[in-house]
Amino acid sequence: MHPFLPILLQLSIFTIPILSSPIPPPLLHQNATDPPPPPQYNFEVTQPLPTTSLTPSCTLALISHNFSYTYDQPPVTIPYSPPENCTWSNATIEFSVSSKGTQHARIASIWLAGAELLRTSTAKPTENGVFWKTTKDITKYNSLLIQENITVSVMLENKVDSVFTGVYVVNVTFIYYDSNDINEPLQPLKRMSRRFLENNDIALNTLTNDELTSFSSSSGDLYAKPADLIIPISGFEEEGYWFRLESESDKRSERVAIPKNTYKAVLEMYVSFHGNDEFWYKNPANSLNAKYGNGAYREVIVTIDGNFVGSAVPFPVIYTGGINPLFWDPVVGIGAFDLPTYDIDFTPFLSFLIDGDFHRIGISVEGAISYWLVDANLHLWLDPFSEEVQAGYFENKAPSFEFEKSAESKGLDAEFEVEMERKREFSGWVNSSFGNFTTYVKHELEFENEIEITKNGNEEKIEQKVKEQIEVKVLSDTGNTISESKLEKEFPLKIKTSSVAIAESGGYNVSSSLDNSYEEKIKNSNGSSTLKNRQQASGWMVVVDGAYEVVDGEASTNQSYSYKGNSVCYSRVIGASNGTILSDSTNFLCMSSH
Ligand SMILES: *[C@@H]1O[C@H](CO)[C@@H](O)[C@H](O)[C@H]1NC(C)=O
Ligand SMILES: *[C@@H]1O[C@H](CO)[C@@H](O)[C@H](O)[C@H]1NC(C)=O
Ligand SMILES: *[C@@H]1O[C@H](CO)[C@@H](O)[C@H](O)[C@H]1NC(C)=O
Ligand SMILES: *[C@@H]1O[C@H](CO)[C@@H](O)[C@H](O)[C@H]1NC(C)=O
Ligand SMILES: *[C@@H]1O[C@H](CO)[C@@H](O)[C@H](O)[C@H]1NC(C)=O
Ligand SMILES: *[C@@H]1O[C@H](CO)[C@@H](O)[C@H](O)[C@H]1NC(C)=O
Ligand SMILES: *[C@@H]1O[C@H](CO)[C@@H](O)[C@H](O)[C@H]1NC(C)=O
Ligand SMILES: *[C@@H]1O[C@H](CO)[C@@H](O)[C@H](O)[C@H]1NC(C)=O
Ligand SMILES: *[C@@H]1O[C@H](CO)[C@@H](O)[C@H](O)[C@H]1NC(C)=O
Ligand SMILES: *[C@@H]1O[C@H](CO)[C@@H](O)[C@H](O)[C@H]1NC(C)=O
Ligand SMILES: *[C@@H]1O[C@H](CO)[C@@H](O)[C@H](O)[C@H]1NC(C)=O
């Protein structure tokens, strides 16, 4: 038996294949005569989309499906064509779900023509039922949304039996908006492409904002004008298009040939971690011989023809069964209903890609153990006036990579540390009808993780810091700055867990606290925006070996979300305990603190 049983037991209960953790029964027992309470509404705290204030021009209900025993089955797939007689400039996807009973948290994705639109995890149902709705802006996928006779697929692997009774009842709807309805100075996309075709001698000084912003490359702006073509870097439909990576040597790739008139390219990655790597940031070094091992450093690596071109350390999304399931009711973890995506600007590498030949785009996860679900969309912007563009690559500073780790153990206690720093600078020029522009991308990534196991293996403390900085500059050949932007991301995470054996029941009382934040600052020639999103939770739960449920517990979760843009601000502060919202305040005011 492993010496760290208490901590690891907690993981083994909550980490069953494909499943995040199971569901605690309702904490409060009601009288048989009371009417059943209404289903609980679960949600992720995030700011409302700008489209919420618009009237949809069309609504397309695509899928209504009950996901019961769907394990090892292909995704649910239906044909898609855009709604008839509909003009739109923006679109959103609505993923709404209800469920009743007991069930593990599951992972789900939606693909349009094999390109992923949304990755989401599920809330845990209760006997009284839960429901939730995720709405995401999918305007950047417009080149697919306008296509006829393609397919929409939804994968949600679930297992239903006499214990795990929860069926996920899912509706998928696309909603289309014409923002011209509110006199927003924006060309509807369909009209815009027509204008391109009618106007053959466009010069730089006649470019519209839409056309100019297609060159700007801060992460917030990368898709300011949606791409003209999206190529999925993904697997087979039968397995749900994602690649399932079992180890760090499990490298997947897709051969793609891209149009010779591509003037900008961005790879957008979807990533989620499961099984023995669901809590990768808590994993001890292999010296502990734990099932959940390989240390606590993971990095998603992207290659073109085997050459490193970019990477990302994923944000630690905690699914609704994670750490203590009572934390996530009714407010779920940051990113749990809309997992973050990671963009790699491919524009500096276009000279390698536009030769008309096939090239291999590869994805792997450094440090991975079973298993990761990854895939990507290659967004391409095409020159409407030219069949070919020319491109070149500038030799840059060689990417630098520093990595240090240490492990110490004494009796049942241990200390692990990992530090990583990666820097890369890439640039390349593309001569298109818009001009000869050079894109410079500078990327810095810092990662630090510390794990301390004390009290004879009964206490665990994790502290992780991830910092990322991306600077992008686009210059014309006459030296004019076309766009300039800087993106800074930071996501610190702290988790403390301690287990105490309960003599009578043979179970454990597991106490934990969590502090997880996502911060983002974007600065470009036009102004700046900041986003700060922080969750703090603490509580305890009683788990019994062999049982699949939390049998007792108490939890408190506080979250503060604040976004400040040039003219838009939004903040929300929320406190929840034992499944009930105790306080909730929202503010749209921009405080003039700067
Ligand atoms: C519509 O999409 C564009 C990007 O193509 C974006 O700039 C604009 O803010 C969106 N409008 C709304 C109302 O969401
Ligand atoms: C799906 O489940 C819901 C709730 O249990 C039920 O009302 C509905 O009839 C089911 N739909 C199908 C197609 O089975
Ligand atoms: C679309 O518009 C055409 C022409 O106005 C009309 O004949 C047709 O019935 C419309 N179709 C729908 C589905 O509204
Ligand atoms: C799904 O759609 C059906 C039919 O439109 C509707 O009755 C049901 O309430 C929807 N369910 C959810 C969870 O939105
Ligand atoms: C889509 O399928 C329909 C029905 O089979 C067909 O009439 C239409 O021409 C197809 N559209 C395209 C763009 O292939
Ligand atoms: C800068 O802001 C102006 C005014 O809001 C807008 O028209 C323009 O497209 C923006 N440019 C970039 C590069 O974002
Ligand atoms: C740059 O591209 C434009 C448009 O495709 C083309 O007319 C021009 O000749 C190119 N410049 C050079 C130096 O090749
Ligand atoms: C484009 O600009 C770059 C940088 O100024 C230059 O090295 C390259 O030769 C130019 N390409 C063309 C086709 O003019
Ligand atoms: C579990 O531990 C917490 C924190 O020490 C304590 O407050 C709680 O009463 C304990 N619960 C049980 C059932 O032992
Ligand atoms: C959440 O906020 C409440 C009220 O300020 C406080 O009593 C509680 O300790 C906080 N919980 C956590 C986990 O920070
Ligand atoms: C949460 O539930 C526990 C156990 O039932 C109880 O002791 C505690 O007072 C509750 N806390 C709140 C804030 O309701």
Side-chain angles (χ1 to χ4, degrees), residues 7 10-11 14 20-21 24 27 40-47 105 121 123-124 132 278-282 296 313-340 448-452 454 459-467 489-499 509-521 530-542 550 552-564 570-587 591:
I7 296 291
Q10 178 208 348
L11 288 172
F14 294 121
S20 178
S21 58
L27 289 176
Q40 167 99 304
Y41 175 64
N42 290 59
F43 59 97
E44 181 183 340
V45 174
T46 181
Q47 71 202 97
S121 61
K124 55 185 179 54
W132 73 94
E278 178 176 343
F279 307 101
W280 57 268
Y281 40 84
K282 279 163 67 88
V313 171
F315 174 78
V317 177
I318 300 167
Y319 312 128
T320 52
I323 317 296
N324 179 340
L326 304 177
F327 289 168
W328 314 120
D329 182 18
V331 179
V332 303
I334 297 173
F337 281 165
D338 182 4
L339 273 78
E448 236 181 278
N449 179 293
E450 237 182 281
I451 299 176
E452 230 182 281
T454 55
E459 259 187 45
E460 190 188 31
K461 214 172 100 183
I462 284 112
E463 207 173 324
Q464 177 168 291
K465 282 188 203 139
V466 182
K467 265 192 190 178
K489 284 198 236 175
E490 228 171 288
F491 30 97
L493 167 71
K494 283 183 195 167
I495 302 171
K496 266 190 205 166
T497 308
S498 69
S499 298
N509 182 352
V510 182
S511 300
S512 41
S513 68
L514 167 100
D515 190 343
N516 196 16
S517 308
Y518 180 86
E519 293 180 18
E520 188 182 279
K521 267 189 220 167
T530 54
L531 169 66
K532 288 185 180 170
N533 193 2
R534 181 177 190 185
Q535 272 183 332
Q536 288 163 287
S538 75
W540 56 271
M541 61 178 171
V542 171
V550 170
D552 193 8
E554 188 180 356
S556 147
T557 302
N558 294 331
Q559 182 164 9
S560 85
Y561 181 105
S562 117
Y563 173 82
K564 228 180 255 190
Y570 178 82
S571 69
R572 187 169 180 184
V573 178
I574 199 160
S577 178
N578 282 7
T580 305
I581 300 287
L582 299 182
S583 62
D584 185 358
S585 65
T586 299
N587 201 326
M591 309 298 181

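Along the sequence shown, residues are numbered consecutively beginning with 1. Just the heavy atoms: all of them, side chains too, but no hydrogens, waters or symmetry mates, feed the values below.
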Side chains of [X] and [Y]: donor-acceptor distance under 3.5 Å anywhere?
X    : Y    : result
N449 : Q464 : yes
Q536 : N516 : no
E554 : N578 : no
Q47  : Y561 : yes

Tell me, do [X] and [Y] make a side-chain contact under 4.5 Å, heavy atoms counted?
X    : Y    : result
D329 : N42  : yes
D515 : R534 : yes
V550 : W540 : no
S577 : T557 : no
L493 : L514 : yes

Between E460 and K282, is the salt bridge (Lys or Arg N to Asp or Glu O under 4.0 Å) condition met? List the steps. CA-CA 9 Å; E460 190 188 31; K282 279 163 67 88; 3.2 Å; yes

At what distance, to the nearest 0.5 angstrom, does [atom1] of [X] lie from [atom2] of [Y]?
X    : Y    : atom1 : atom2 : value
R572 : T586 : CZ    : OG1   : 4.5 Å
N509 : M541 : CG    : CE    : 9.0 Å
I495 : E463 : CD1   : CD    : 11.0 Å
K532 : E490 : NZ    : CD    : 9.5 Å
K564 : L531 : NZ    : CG    : 12.0 Å
S512 : K496 : OG    : NZ    : 11.5 Å

Let's go through F327 and I318 carefully: what are the C-alpha distance in whole Å and the side-chain angles of both, what is the deciding distance for side-chain contact (heavy atoms from CB on, under 4.5 Å) to 0.1 Å, and is it a yes or a no? CA-CA 10 Å; F327 289 168; I318 300 167; over 6 Å; no

Taking the six-membered ring for Trp and the full ring for Phe, Tyr or His, determine whether the centres of F491 and F315 are under 6.0 Å apart.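 Yes, ring centres under 6.0 Å apart.
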
In this structure, is the centre-to-centre distance between the rings of F337 and W132 below 6.0 Å?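 Ring centres of F337 and W132 closer than 6.0 Å.
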
Heavy-atom closest pair, residues [X] and [Y]:
X    : Y    : answer
A296 : I451 : CB-CD1, 3.8 Å
V573 : S560 : CG2-CB, 4.2 Å
T580 : P330 : N-CD, 4.3 Å

On the 0 to 90° scale, with breaks at 30° and 60°, tag the Y41-F43 ring pair as parallel, tilted or perpendicular.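 Ring orientation, 0 to 90° scale: parallel.
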
Verdict with reasoning, V317 to I334, per side-chain contact (heavy atoms from CB on, under 4.5 Å): CA-CA 6 Å; V317 177; I334 297 173; over 6 Å; no

Evaluate side-chain contact (heavy atoms from CB on, under 4.5 Å) for L339 paired with Y319, printing each intermediate quantity in order. CA-CA 10 Å; L339 273 78; Y319 312 128; 4.3 Å; yes

Can a donor-acceptor pair be found, under 3.5 Å and without considering hydrogens, that links the side chain of S121 to the backbone of A336?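 The answer is yes, because a donor-acceptor pair under 3.5 Å joins these two groups.
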
Is the side chain of Q535 donor-acceptor paired with the backbone N or O of V332 at a distance under 3.5 Å, no angle test?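 Looks like yes, one N/O pair under 3.5 Å.
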
Stepwise side-chain contact (heavy atoms from CB on, under 4.5 Å) check, V45 with V331: CA-CA 7 Å; V45 174; V331 179; 4.0 Å; yes

